[in-house]
Every structure is written in C-alpha cells, then in structure tokens.
Amino acid sequence: MAGSSIKPTPLLKDELDIVIPTIRNLDFLEMWRPFFEQYHLIIVQDGDPSKTIKVPDGFDYELYNRNDINRILGPKASCISFKDSACRCFGYMVSKKKYIFTIDDDCFVAKDPSGKEINALEQHIKNLLSPSTPFFFNTLYDPYREGADFVRGYPFSLREGVPTAVSHGLWLNIPDYDAPTQLVKPLERNTRYVDAVLTVPKGTLFPMCGMNLAFNRELIGPAMYFGLMGDGQPIGRYDDMWAGWCMKVICDHMGWGVKTGLPYIWHSKASNPFVNLKKEYNGVFWQEEIIPFFQSAVLPKECTSVQKCYVELSKQVKEKLGKIDPYFIKLADAMVTWIEAWNELNSSEGKIAKLPNGAA
C-alpha cells in the first residue's frame, strides 16, 4: 500500500541549497532560523552591487552580486537578468547540490489551521522524494501521503509513479495575482489552507511561482532558466512562469512529475500593482500566444537530456514566437547562452571552486 510505509523525512542538509534573490538585508531569515540554519544559502544580490547586504549571524552562505556574476560568467553573464528576481537562477547554476529550494525575502513562516508553524522545506523534501503520478489522476490526490492510497480503478502498472522533478508550494495572505487582478481586488487575502498535494497531469501547463519552490537540480536544473527579464527588457514578472512552461514541456517529454499544493508560506507584502502593470503589460498580450505555443510544443525523441530538450525548445521559440516580437529571438539566444554557461560551470573543469567576493 502506498501510504503504509511512511519513514521520517531525510533532512538532506548536505544535498540541498537554499537560493534567495534580494535587494535588502535578510532580517527575514531570523524567522526561518530553526528550519534553515543547518543548510547552505546562496544569496543572489540584485541591483546595485556596491550596496552591502547584511545576513544574520549563524548562517552558512555565499553571496553573489552583479560583479561576481560578470566575473564568473564573462560574456555569458548577459543571460542573467538584472534588476529582477529572475537573477535567482544564477544561484541554481553555481550550486553543486542535488536539490534547490528557493524563497523570496518577503515570505515568512506560515501556520497551519491548528496554529503549528509549517516547516515548508520539510514538506518540499517529502514532495521531491516521493514519486509523481502525471499519467493518471488519483482522486485522493497524492497517493504517497500518509492516510492516502491509490483509489479503485487506478492501473496497477502506473502505481510505482515516476521521479518528481519539481515541488511547487503555495502562499497564505497575499495571493500571487497579476496587476489587473491586484487592481480590482486590492484587499483580497488568501486565508484558505488546503491540506493537499497533487501531481500536475501530463500535457497540462500551470503558472509556476518562484517564491516558494523546490526542485531536483540533477534532474531538471538546466531547464530552470528564469529568462531575460527586468532592466533593459520589454517584460518582467514572467520569469518564473517562463521557466515553468519550459520545465513542464520537458518533464512531460522525459517522463517526470511536478507536484503542487503544500507547503504554504506566509507572503507578507503585495508589490505595487501600477509598477507591476508596467512590467507585465506586454506579457498580458503575449501570453495568449505563448501558452498555445507551449501546449503544442513537441520535442523529438533524439532529445534525451534536459540540455538537448532546452536547446531544441529555444529553436522553436525563435521560429514560432519570434514572429510576435523580436524580444523572443533575443530570449531564444539567451536560452542557448544559459545552457552553454550551465555546461561550463557544471563540467568537471567548471566545478573548481569559484568563490564570490565576500563568500562566507
């Protein structure tokens, strides 16, 4: 029975990095100390590299700013966004761990309906270490959770499941809304805690949010590129969704799963809807063509690695989305640059330590 052999959750403290993009002092880590202190943090400082970012004492971390990114990647640094939280994907690239958990600096520890503090990282680890079921939907959601199992009529041949590549967590308090929805619902808060995890079915896309997210870097890392966003680009706030669409097409092709639902974090502050509207404006129109593109994207069977899949996807982006706007040609080129930089840093030669200035 799927739910009958529950074991204590491994901590994976030597196998997981926590990646945090930020422009400010990381006082929010104090609340997370009981859960994060034993893990290694990779902090990617966005914006002005001359600004000093303070990290509370007791955390094991390395801090990269734009100067470090330029020094480590050289000309390929052009693929990493500037003045946008998309810069976090540089942390994925330089990590040497099997798993990544990424969180925004305005996210705090949430409480479940009983008032108990939620260990978000522990739940993400549970999600990543249990299989996914993308090929047949289980109406009791995740059959591998304690107290659940496969329902009557679920094919026995599919009950082993497949590896889980991504665990997508949710948020209480401030919902992850786009600017138009923010403007018409400025006071809306998410107070609904749903105690469920489910696998996103094969062939189904979803809007991935990067503020509470974990993934198996060894499986899907090269596809977790948060695109070209922010300063100098005609779009922002689509970085995590772009990565999510690319990742899901590749997971479907490779036969891997994506889970969404638990864990919740407490999202503490809403970004300015007028600023967001300016960033999202093009995306609101473009997504109506981007999403059908990803829904119909097919990767040839010769694509046997994530890198090959991603380069093939970049060709299709250039060919089909390049007609919408020249930005997509630039983005497709950046996708290739990203893969080249990933391969360089993650080859046996590239694994020689490249410490940032001020690494702790």
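All residue numbers in this chain count up from 1 along the given sequence. Not measured: the values here are computed from a predicted model.
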Hydrophobic clusters here meaning ILVMFWY residues chained together by side-chain heavy-atom distances under 4.5 Å, can you tell me if [X] and [Y] are in one?
{"X": "Tyr64", "Y": "Ile23", "result": "no"}
{"X": "Val151", "Y": "Leu158", "result": "no"}
{"X": "Val109", "Y": "Tyr39", "result": "yes"}
{"X": "Leu198", "Y": "Trp256", "result": "no"}

Taking [X] for the side chain and [Y] for the main chain, is one N or O donor matched with an acceptor at less than 3.5 Å?
{"X": "Asp231", "Y": "Lys83", "result": "no"}
{"X": "Ser268", "Y": "Asp106", "result": "yes"}
{"X": "Asn216", "Y": "Ala165", "result": "no"}
{"X": "Asn346", "Y": "Met93", "result": "yes"}
{"X": "Thr199", "Y": "Ser132", "result": "no"}
{"X": "His267", "Y": "Ile174", "result": "yes"}
{"X": "Asn272", "Y": "Phe274", "result": "yes"}
{"X": "Asn25", "Y": "Asp27", "result": "no"}
{"X": "Asn282", "Y": "Pro234", "result": "yes"}
{"X": "Lys248", "Y": "Thr204", "result": "yes"}

Would you say the side chain of [Y] lies within less than 4.5 Å of the side chain of [X], judging by non-hydrogen atoms?
{"X": "Leu277", "Y": "Asp178", "answer": "no"}
{"X": "Arg66", "Y": "Gln45", "answer": "no"}
{"X": "Cys209", "Y": "His168", "answer": "yes"}
{"X": "Ile43", "Y": "Val55", "answer": "yes"}
{"X": "Pro163", "Y": "Leu219", "answer": "yes"}
{"X": "Asn212", "Y": "Ile103", "answer": "no"}
{"X": "Met224", "Y": "Leu213", "answer": "yes"}
{"X": "Phe294", "Y": "Leu313", "answer": "yes"}

Starting at [atom1] of [X], measure out to [atom2] of [Y] and round the result to the nearest 0.5 Å.
{"X": "Met247", "Y": "Asp240", "atom1": "CE", "atom2": "CG", "value": "10.5 Å"}
{"X": "Glu289", "Y": "Ile324", "atom1": "CD", "atom2": "CD1", "value": "4.0 Å"}
{"X": "Met335", "Y": "Cys246", "atom1": "CE", "atom2": "SG", "value": "4.0 Å"}
{"X": "Asn138", "Y": "Tyr144", "atom1": "CG", "atom2": "OH", "value": "8.5 Å"}
{"X": "Ile69", "Y": "Lys76", "atom1": "CD1", "atom2": "NZ", "value": "15.5 Å"}
{"X": "Thr260", "Y": "Asn127", "atom1": "OG1", "atom2": "CG", "value": "9.0 Å"}

Evaluate the side-chain contact (heavy atoms from CB on, under 4.5 Å) criterion for residues Phe150 and Leu140: first the C-alpha distance (whole Å), next the side-chain angles of each, then the deciding distance (0.1 Å), finally the verdict. CA-CA 7 Å; Phe150 292 97; Leu140 268 183; over 6 Å; no

side-chain contact (heavy atoms from CB on, under 4.5 Å), that's the test. Do Phe137 and Thr133 meet it? Break it down for me. CA-CA 7 Å; Phe137 189 80; Thr133 53; over 6 Å; no

Working for side chain to side chain donor-acceptor pair (under 3.5 Å), residues Ser271 and Asn276: CA-CA 7 Å; Ser271 46; Asn276 290 346; 2.7 Å; yes

Run Tyr193 and Tyr264 through ring-ring contact (aromatic ring centres under 6.0 Å, His included) and show every step you take. CA-CA 8 Å; Tyr193 179 96; Tyr264 283 90; 4.9 Å; yes

If you apply the rule salt bridge (Lys or Arg N to Asp or Glu O under 4.0 Å), what do you find for Arg217 with Asp17, and how did you get there? CA-CA 10 Å; Arg217 183 182 175 277; Asp17 278 334; over 6 Å; no

Tell me if the aromatic rings of Tyr154 and Phe136 count as close, with their centers under 6.0 Å from one another.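 Aromatic pair counts; centres sit under 6.0 Å.
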
Ring centroid separation for Phe215 and Tyr99, is it under 6.0 angstrom?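 Ring centroids of Phe215 and Tyr99 are no less than 6.0 Å from each other.
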
Would His40 and Asp60 count as a side chain to side chain donor-acceptor pair (under 3.5 Å) if you check the C-alpha gap in whole Å, the side-chain angles of each, and the deciding distance to 0.1 Å? CA-CA 5 Å; His40 180 66; Asp60 170 42; 2.8 Å; yes

Starting from the C-alpha separation in whole Å, work towards a yes-or-no answer on salt bridge (Lys or Arg N to Asp or Glu O under 4.0 Å) for Asp333 and Lys330. CA-CA 5 Å; Asp333 290 338; Lys330 188 177 178 183; over 6 Å; no

Name the residue from Ile125, Ile118, Asn119 that meets the side chain to side chain contact (heavy atoms under 4.5 Å, CB included) definition with Glu122.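 Of all the options given, the one that passes is Asn119.
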
Test applied, side chain to side chain contact (heavy atoms under 4.5 Å, CB included); reference residue, Leu262; option that passes from Arg145, Lys126, His124: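 When side chain to side chain contact (heavy atoms under 4.5 Å, CB included) is applied between Leu262 and each of Arg145, Lys126, His124, only Arg145 qualifies.
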
So with a 6.0 Å cut-off around [atom1] of [X], is the heavy-atom count from everything else above 12?
{"X": "Lys269", "atom1": "NZ", "result": "yes"}
{"X": "Lys97", "atom1": "NZ", "result": "yes"}
{"X": "Phe35", "atom1": "CZ", "result": "yes"}
{"X": "Phe206", "atom1": "CZ", "result": "yes"}

With a 4.0 Å cut-off on N to O distance, would you call Asp84 and Lys279 a salt bridge?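 Salt bridge absent between Asp84 and Lys279.
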
Flag the pair Glu280 and Arg237 as a salt bridge only when some basic side-chain nitrogen lies within less than 4.0 angstrom of an acidic carboxylate oxygen.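 Arg237 and Glu280: salt-bridged.
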
Given ring-ring contact (aromatic ring centres under 6.0 Å, His included), test Phe90 with Phe226 step by step and report yes or no. CA-CA 9 Å; Phe90 177 77; Phe226 277 43; over 10 Å; no

Please determine which of Asp46, Thr22, Thr102, Asp239 meets the side chain to side chain donor-acceptor pair (under 3.5 Å) test together with Arg88.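 By the side chain to side chain donor-acceptor pair (under 3.5 Å) criterion, Arg88 pairs with just one of Asp46, Thr22, Thr102, Asp239: Thr102.
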
What class does the angle between the rings of [X] and [Y] fall in, given that below 30° is parallel, 30 to 60° is tilted and above 60° is perpendicular?
{"X": "Trp245", "Y": "Tyr238", "result": "tilted"}
{"X": "Tyr310", "Y": "Tyr225", "result": "perpendicular"}
{"X": "Trp242", "Y": "Phe328", "result": "tilted"}

If you apply the rule side-chain contact (heavy atoms from CB on, under 4.5 Å), what do you find for Phe108 with Ile265, and how did you get there? CA-CA 6 Å; Phe108 300 119; Ile265 48 86; over 6 Å; no

Applying side-chain contact (heavy atoms from CB on, under 4.5 Å), run through Leu345 and Leu73 and close with a yes or a no. CA-CA 9 Å; Leu345 252 61; Leu73 295 186; 3.9 Å; yes

